[in-house]
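Read the structure below first, then the notes.
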Amino acid sequence: MVSDRGDDADGSGGRRSDPVTPGGGGPDHARGIGEQPDGVDSEWWYWVAAVPAYWVVGSAVGVAFAAVVGVLLVTGVVAGGPAVRVSAGFGVVSLALIVVAVLLALVGMIVSLVFPVAVFRDAEAVAAVRGDWQPDPASYGLVGLVGVVVQPLQVALAVYYLYKRHESIGRP
């Protein structure tokens with residue numbers, strides 16, 4: 001039987017205890033943890049997350065590179081001291097470190113140049129959902145573009161953006 005008061009069968013007046021599910025449980029309960037809500041169809045956040053991930057990996061490799069160069073300097077291999085003969089092992093290690101450094105530099109340039117586009121496109125997708133957080137895509141894109149020159153800005157922006165995105169839609 002349909003009531004003319006507009007309430008549902010449990011007498012709650014049609015009100016929900018939770019904005020997503022009638023029985024509560026929060027937004028993750030309604031959509032399943034890790035699923036994107038209401039049509040957020042953007043995979044650009046992976047590129048945004050690549051910036052801080054790159055900085056962590058790059059820092060670790062940089063410390064290792066500095067340690068190996070320090071050992072080579074202390075042992076006199078780099079200086080070419082007359083009492084020290086350069087073995088083939090040090091040459092291979094040096095070459096490997098140079099190759100890794102060049103590859104990391106290329107990856108870093110790609111990640112840094114894609115970041116402004118990625119944060120702009122993802123902010124557009126998140127803003128289209130009409131959730132509790134409405135990022136301004138132009139602002140995020142411009143700050144990301146400035147970050148191409150001021151690299152630490154990109155890391156801070158990426159971490160902040162991903163945090164706000166997670167609070168708003170639950171992913172990443």
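Heads up: numbering here begins at 1 and tracks the sequence.
- One hydrophobic cluster, built from ILVMFWY side chains closer than 4.5 Å, cannot hold both Ile98 and Val100; they sit in different ones.
- For Gln154 (side chain) and Gly144 (main-chain N/O), a donor-acceptor pair under 3.5 Å exists by modelled atom type.
- For the residue pair Ala118 and Trp47, the shortest heavy atom distance occurs at CB-CB, 3.5 Å.
- Between Pro135 and Lys164, the closest side-chain pair of non-hydrogen atoms is not below 4.5 Å.
- To the nearest 0.5 Å, the span separating CH2 on Trp133 from CD1 on Ile169 amounts to 8.5 Å.
- Considering every non-hydrogen atom in both Asp132 and Ser168, the closest pair reads OD1-OG, 3.1 Å.
- Note on Trp55: it clusters hydrophobically with Tyr160, by side-chain heavy-atom contacts below 4.5 Å among ILVMFWY residues.
- Gln151 places a side-chain N or O within donor-acceptor distance of the main-chain N or O of Gly147, the cut-off being under 3.5 Å.
- Side-chain contact between Val155 and Phe115 is absent, with no heavy-atom pair separated by less than 4.5 Å.
- Cluster annotation: Val102 and Ile110 are assigned to distinct hydrophobic clusters (Ile/Leu/Val/Met/Phe/Trp/Tyr, side-chain heavy-atom contacts under 4.5 Å, transitive).
- No single ILVMFWY cluster, assembled from side-chain heavy atoms under 4.5 Å apart, contains both Leu145 and Val51.
- Contact of the Pro116 side chain with the Val148 side chain is registered, since non-hydrogen atoms from C-beta on lie closer than 4.5 Å.
- Cluster membership for Tyr46 and Leu113, using ILVMFWY side-chain heavy atoms within less than 4.5 angstrom, is not shared.
- In this structure the side chain of Trp45 reaches within 4.5 angstrom of the side chain of Arg165, judged on heavy atoms.
- In this structure, the side chains of Arg121 and Ser42 stay at 4.5 Å or more apart for every pair of heavy atoms.
- Checked by atom type, the side-chain pair Tyr161/Asp122 shows a donor-acceptor distance below 3.5 Å.
- Considering only heavy atoms from C-beta on, Tyr54 comes within 4.5 Å of Leu104 through its side chain.
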